[in-house]
Amino acid sequence: MPEKPYDHTVIEEKWHQHWASGEHFRAEENAEKPKFYVLEMLPYPSGALHIGHVRNYSIGDALARYKWMRGFNVLHPMGWDAFGLPAENAAIKNQTAPGAWTQRNIEAMKKTHRRFGFSYDWDREVATCEPDYYRWNQWIFLKMYERGLAYRKKALVNWCPECATVLANEQVVDGCCWRHELTPVEQKALEQWFFKITAYADELLADIAKLEGGWPDRVLTMQRNWIGRSEGTEVDFKLEATGEPIRVFTTRVDTIYGATCVILAPEHPLVERLADEMGKSRAKAMVDARAGQDPGEITKEGFSTGAYALNPYNGERVPIWVGNFVLMTYGTGAIMAVPAHDERDFEFCKQYGIPIRPVIRPADGALPADPKEAFTEYGVVENSGEWNGLDSASARRRMTEKAEREGFGQGAVTFRIKDWGVSRQRYWGTPIPVIHCATCGVVPVPESELPVLLPLDIKITGTGRSPLADVPEFVHVACPECGGEARRETDTMDTFVDSSWYFFRYCDSKNDQLPFDPKRIAYWFPIDQYIGGVEHAILHLIYSRFFTKVLRDLGLIAIDEPVTNLFTQGMVIRNGAKMSKSKGNVVAADDVVEKHGADTARLFALFAAPPEKDVDWIDAGVEGQYRFLGRIYRFATRNAGGGLETTGEADRRILRRLHQTIGKVTDDFETRWHFNTSIAAIMEFVNDLYGAEGKLSKAAVAEILEKLALLIAPFAPYLAEELWEEQGRQGPVFKQPWPEADADLAREDEIEVPVQVNGKLRGRVTVPAGAAADAMEVAALADEKVRGFLDGKQPVKVIVVPGKLVNIVVR
RNA sequence: GGCGGAGUGAUGGAAUCGGUAGACAUAGCGGACUUAAAAUCCGCUGAGGGGUAACCCUCGUGUGGGUUCGAGUCCCACCUCCGCUACCA
């Protein structure tokens with residue numbers, strides 16, 4: 001047959017049309033077949049897919065297609081994380097409505113998605129900004145409110161006095177507003193909504209054990225650290241003037257005789273009463289200074305309130321200070337400072353001349369007279385009255401018991417993780433479904449009135465209060481309880497709410513009675529493979545686990561954890577920097593597909609590096625993948641139906657290589673997903689194939705062409721489908737059984753074994769495959785070259801690794 | 001500061017369990033084809049040295065030590081880069 005040139009535009013356009021109906025990728029519940037739920041993190045519709053997305057989806061798609069070929073019933077959905085701040089920023093900049101802007105972006109990106117030929121079941125598509133999605137955010141919110149898992153409290157927000165608006169953390173640059181670079185951001189307390197994730201802190205921590213093996217260790221470590229459980233003691237110091245308690249949390253109550261002051265967080269309620277006017281304004285300045293600051297950069301500062309507290313263990317009188325490094329949001333917002341045994345306290349006390357008094361000595365040492373640094377390890381208690389001589393661990397235990405017995409403290413477990421603040425003073429998000437009534441207070445919107453619709457035609461100015469507060473039709477509402485005049489909540493939800501349960505919705509995306517039918521979840525869940533960027537290792541993946549547990553406790557699902565296996569791909573960087581619009585180094589997926597075609601782009605995304613590694617995207621190199629596809633296509637077309645009538649040695653050799661290649665690619669899929677080496681193996685095979693061209697039998701050519709199409713199907717689906725069709729076979733290729741490597745055909749007859757003398761490579765001998773150790777030794781010792789290096793000496797020892805190598809040791 | 005990852009040719013990377021370092025690809029060089037170029041096909045390509053040649057020798061995986069018959073791979077110390085996290089008492 002005559003060779004045809006590889007024209008990706010023709011091939012890809014053809015199959016693109018063919019797949020447009022979407023029927024090939026539709027997933028349906030089928031109890032007969034094993035299911036496989038493969039999911040890639042849903043993108044924010046920023047306007048265009050970039051090459052980082054392409055990498056993510058190429059990994060997921062290769063796996064989805066492989067699993068199809070392995071006979072699984074595959075669920076492979078896609079959607080849009082469509083709420084969020086960029087839409088509002090674009091609205092301000094371009095005078096467009098956020099909804100319309102988002103919709104346009106989704107359409108553009110979906111088009112790109114389809115050009116790449118990713119195997120999604122688009123019937124299940126979800127866009128989180130659609131009322132039929134976010135109504136279930138509201139529904140879940142109300143269920144959580146009923147159970148006390150959603151509650152209100154005052155919390156600090158970043159506030160720009162110039163815009164008179166709340167800023168997101170990423171809008172704070174060097175402590176100043178991003179739009180007013182000289183205006184320092186202030187901290188302002190607002191009533192806000194919180195999800196009580198701390199109620200699940202213990203379970204979230206304990207269940208990490210269930211994820212081991214399926215999730216990367218570093219993600220689990222990050223989550224453990226983020227939850228940050230620590231056991232300690234809460235102790236009440238007494239305010240000298242009034243006798244009222246000041247509660248502190250410490251993990252080292254054994255050091256309490258070394259406490260030389262009590263330090264309050266600047267927001268601590270007592271500061272209001274203890275500090276003078278000057279102190280109060282200093283405290284306020286400390287709080288504001290924290291906005292957007294790199295915490296490591298903040299230098300410790302503080303001031304004395306002039307008040308004193310009494311140590312409950314020894315009655316000692318210690319001064320009360322305010323310190324900027326004490327956090328109101330952790331523990332009790334107040335600490336006892338033990339400079340001799342805590343680095344931070346040491347630094348602070350040294351700076352202000354507060355005494356440093358050691359009370360713990362190393363088990364094998366003495367108390368230092370004038371410590372140069374804090375001794376933070378466990379040791380033996382000294383200078384501590386009745387407790388002297390105890391080791392730290394038992395002192396902790398017994399001193400805590402005393403506090404409990406005498407009522408001035410107790411054992412306590414503190415978590416680093418805080419309740420999840422979900423209120424956003426923003427427009428483009430899910431309206432929080434509550435109503436504020438002057439008589440009835442906070443009233444949830446009745447379930448029957450959901451969804452609370454987000455009004456679409458509004459002006460976003462970027463200044464003032466929550467944008468929704470300026471929409472009278474939205475705000476004014478009758479109270480569902482008393483019928484009186486009331487106003488709607490004008491804050492919207494954090495977009496992490498949207499992405500915390502979307503993977504359930506995919507299973508039943510059109511349900512208008514419930515967020516999803518529990519039966520369908522039972523079939524598809526848990527997610528067998530979740531794939532996404534490691535940047536979501538903490539927030540998204542903890543919130544998703546939290547929601548799963550909440551939905552379980554609501555009786556909607558029966559599982560504890562949503563994701564069995566997590567794969568975190570590396571980032572695609574560009575010129576050593578993370579791709580971002582502001583840096584102007586974004587590689588658009590559209591450009592790549594335009595120039596080289598979808599198969600080439602996908603192949604290159606997988607070939608550039610193993611998927612878990614970061615990769616610096618350089619255009620050079622894409623060419624090679626295009627050439628590779630062309631080599632396959634040209635070989636296939638010019639050899640179609642061709643070949644010798646008789647079979648010979650060339651057949652045997654190339655079929656051996658074919659089956660070795662199948663084995664290699666299969667192994668990569670089953671164990672480590674290093675598709676760069678899978679593709680390299682197929683390239684090597686094709687190179688060998690070129691060498692054997694013209695020497696192969698008809699039967700061998702046919703088998704090779706068939707298997708080759710199957711082998712590349714997960715990586716280059718367009719070309720695979722085209723080859724499959726040209727061979728006159730019934731498609732689609734990605735629903736065919738994955739080829740099996742035939743171990744007998746793959747086996748080598750002879751192997752070349754390196755021979756070392758004293759560990760240095762000195763020669764090679766050829767032996768039959770499977771040769772016994774002594775046969776290998778004989779062959780090695782008989783080799784002329786090797787003998788030259790033996791210098792006539794007798795081997796002291798010969799190490800033989802069957803099938804691998806021989807090492808002869810001489811002295 | 002804490003936790004994690006990585007350092008291999010000009011470049012991306014390979015070497016999966018301690019066993020031939022540099023597969024595969026890019027870039028470069030040379031050849032074939034062509035009036036010419038592109039495309040394609042073939043060959044060479046870690047450094048240094050030797051040989052007419054097939055080939056051979058020495059060195060070589062961030063640095064310095066160690067374990068081992070044998071180390072890119074394991075252990076110790078250090079250097080550099082990257083990511084995450086960060087006064088969490």
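A, B, ... follow the sequence lines: proteins, then strands. Residue 1 opens every chain. If you're wondering where the values come from, they're calculated on a predicted model, not measured in any experiment.
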- How does each nucleotide of nucleotides 1-12 of chain B score, in 5' to 3' order, for protein heavy atoms under 4.0 Å: base (B), sugar-phosphate only (S), or none (-)? --SS-------B
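- Counting only N and O atoms by type, the side chains of A/E301 and A/Y352 include no donor and acceptor under 3.5 Å apart.
- If you take atom P in B/G66 and the same atom in B/U61, they sit 16 Å apart, rounded to whole Å.
- In this structure, the ring of A/W420 has its center less than 6.0 angstrom from the ring center of A/Y543.
- Residue A/E347 is out of contact with every strand shown, counting any heavy-atom pair closer than 4.0 Å.
- Within the shown strands, B/C69 is the pairing partner of B/G19 under the Watson-Crick or G-U definition, both distances less than 3.5 Å.
- The residue A/G228 sits apart from the nucleic acid: no heavy atom pair falls under 4.0 Å.
- Within the 4.0 angstrom heavy-atom criterion, no nucleotide atom of any strand lies near A/V753.
- B/G9 adopts a syn glycosidic conformation, its chi angle falling within 90° of 0.
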- Task: Take nucleotides 66-75 of chain B nucleotide by nucleotide from the 5' end and write B, S or -, depending on whether a protein heavy atom sits under 4.0 Å from the base, only from the sugar-phosphate, or from neither.
- Result: ---BS-----
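- Taking only side-chain nitrogens and oxygens, A/Y690 comes nearer than 4.0 Å to OP1 or OP2 of B/C41.
- At whole-Å resolution of the value, CD in A/E3 and C1' in B/A39 are 11 Å apart.
- B/C87 sits 34 Å from B/C74 when the P atoms are compared, rounded to a whole Å.
- Across all strands shown, B/C24 forms a Watson-Crick or G-U wobble pair with B/G12, both key distances being under 3.5 Å.
- Between the side chains of A/R545 and A/Q223, at least one donor-acceptor pair of N or O atoms lies under 3.5 Å.
- Using a 4.0 Å heavy-atom cutoff across all strands shown, A/P610 reaches sugar-phosphate atoms only and no base atom.
- For the atom pair CZ (A/F415) and CG (A/L204), the distance works out to 9.5 Å, reported to the nearest 0.5 Å.
- Closest approach of A/F346 and A/A374 over heavy atoms only: CD1-N, 3.9 Å.
- Listed for the A/N311 side chain is no donor-acceptor partner under 3.5 Å among the backbone atoms of A/E316.
- Between A/H596 and A/Q625, the side chains place no donor N or O within less than 3.5 Å of an acceptor N or O (distance only, hydrogens not considered).
- Taking side-chain N and O atoms only, A/N687 has no distance below 4.0 Å to OP1 or OP2 of B/A23.
- If you take atom P in B/U67 and the same atom in B/U73, they sit 15 Å apart, rounded to whole Å.
- Regarding A/E623, its CD atom lies at a distance of 13 Å from the P atom of B/A38, rounded to whole Å.
- Between the CG atom of A/D667 and the P atom of B/C17 there is a distance of 11 Å, rounded to whole Å.
- For the pair A/K300 and A/F348, the cation-pi test (distance below 6.0 Å, angle within 45°) is failed.
- A cation-pi contact, defined as under 6.0 Å to the ring centre and within 45° of the axis, links A/R631 to A/Y690.
- For A/K664, counting side-chain heavy atoms from C-beta on, the closest listed nucleotide (B/A89, B/U40, B/U16) is B/U16.
- Here A/N676 reaches the OP1 or OP2 of B/A14: one of its side-chain N or O atoms lies under 4.0 Å away.
- For the P atom pair drawn from B/G13 and B/G83, the interatomic distance equals 16 Å after rounding to whole Å.
- Across every strand in view, B/G43 sits in a pair with B/C29 that passes the Watson-Crick or G-U test at under 3.5 angstrom.
- Base pairing annotation: B/G7 forms a Watson-Crick or G-U wobble pair with B/C79, both donor-acceptor distances under 3.5 Å.
- Picking from B/A27, B/U20, B/A15 the nucleotide with the shortest atom distance to the side chain of A/R627 gives B/A27.
- B/G65 and B/G72: their P atoms are spaced 15 Å apart (whole Å).
- Cation-pi geometry between A/R762 and A/F789 is met: under 6.0 angstrom from the ring centre, within 45 degrees of the axis.
- Using a 4.0 Å cut-off between charged nitrogen and carboxylate oxygen, A/D783 and A/R787 do not count as a salt-bridge pair.
- Atom P of nucleotide B/U26 and atom CZ of A/F628 are separated by 11 Å, given to the nearest angstrom.
- Both A/T332 and A/E684 lie near RNA chain B, and the one whose nearest nucleotide falls closer to the 5' end is A/E684.
- B/A25 and B/U35: their C1' atoms are spaced 34 Å apart (whole Å).
- Rounded to whole Å, atom C1' of B/A14 lies 11 Å from atom CG of A/D668.
- Contact annotation: A/R672 side-chain N/O to B/C17 OP1/OP2 distance is not under 4.0 Å.
- For the atom pair A/R247 CZ and A/M336 CE, the distance stands at 13.5 Å (nearest 0.5 Å).
- Between A/I632 atom CD1 and B/A25 atom P the separation is 12 Å, expressed in whole Å.
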- Item | Per-nucleotide protein contact string for nucleotides 54-59 of chain B (B base, S sugar-phosphate only, - none; heavy atom under 4.0 Å) | --SSSS
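- For A/R634, counting side-chain heavy atoms from C-beta on, the closest listed nucleotide (B/U16, B/U20, B/U40) is B/U40.
- In the model, A/R416 has no side-chain atom that pairs as donor or acceptor with a side-chain atom of A/S230 under 3.5 Å.
- Glycosidic torsion of B/C75 falls outside 90° of 0, placing the base in anti.
- Residue whose closest nucleotide on RNA chain B sits further toward the 5' end, between A/M683 and A/W226: A/M683.
- B/A15 and B/G31 have their C1' atoms separated by 32 Å, given to the nearest Å.
- Taking a pair to require two hydrogen-bonding distances under 3.5 Å in either a Watson-Crick or a G-U wobble arrangement, B/U61 remains unpaired.
- Among A/V798, A/V757, A/N758, the single residue meeting the side-chain contact (heavy atoms from CB on, under 4.5 Å) criterion with A/V809 is A/N758.
- Here the side chains of A/M399 and A/Y257 are in contact, with some heavy-atom distance below 4.5 Å.
- Backbone-only contact: A/S230 has heavy atoms under 4.0 Å from sugar-phosphate atoms and none from a base.
- Here the closest non-hydrogen pair linking A/T400 and A/G411 is CG2-N, 3.4 Å.
- Taking side-chain N and O atoms only, A/R631 has a distance below 4.0 Å to OP1 or OP2 of B/C41.
- Separating the CG atom of A/N639 from the P atom of B/C41 is a distance of 13 Å, rounded to the nearest angstrom.
- Across B/C59 and B/A53, the matching C1' atoms stand 25 Å from one another, rounded to whole Å.
- Between A/L541 atom CG and B/C84 atom P there is a gap of 15 Å when expressed in whole angstrom units.
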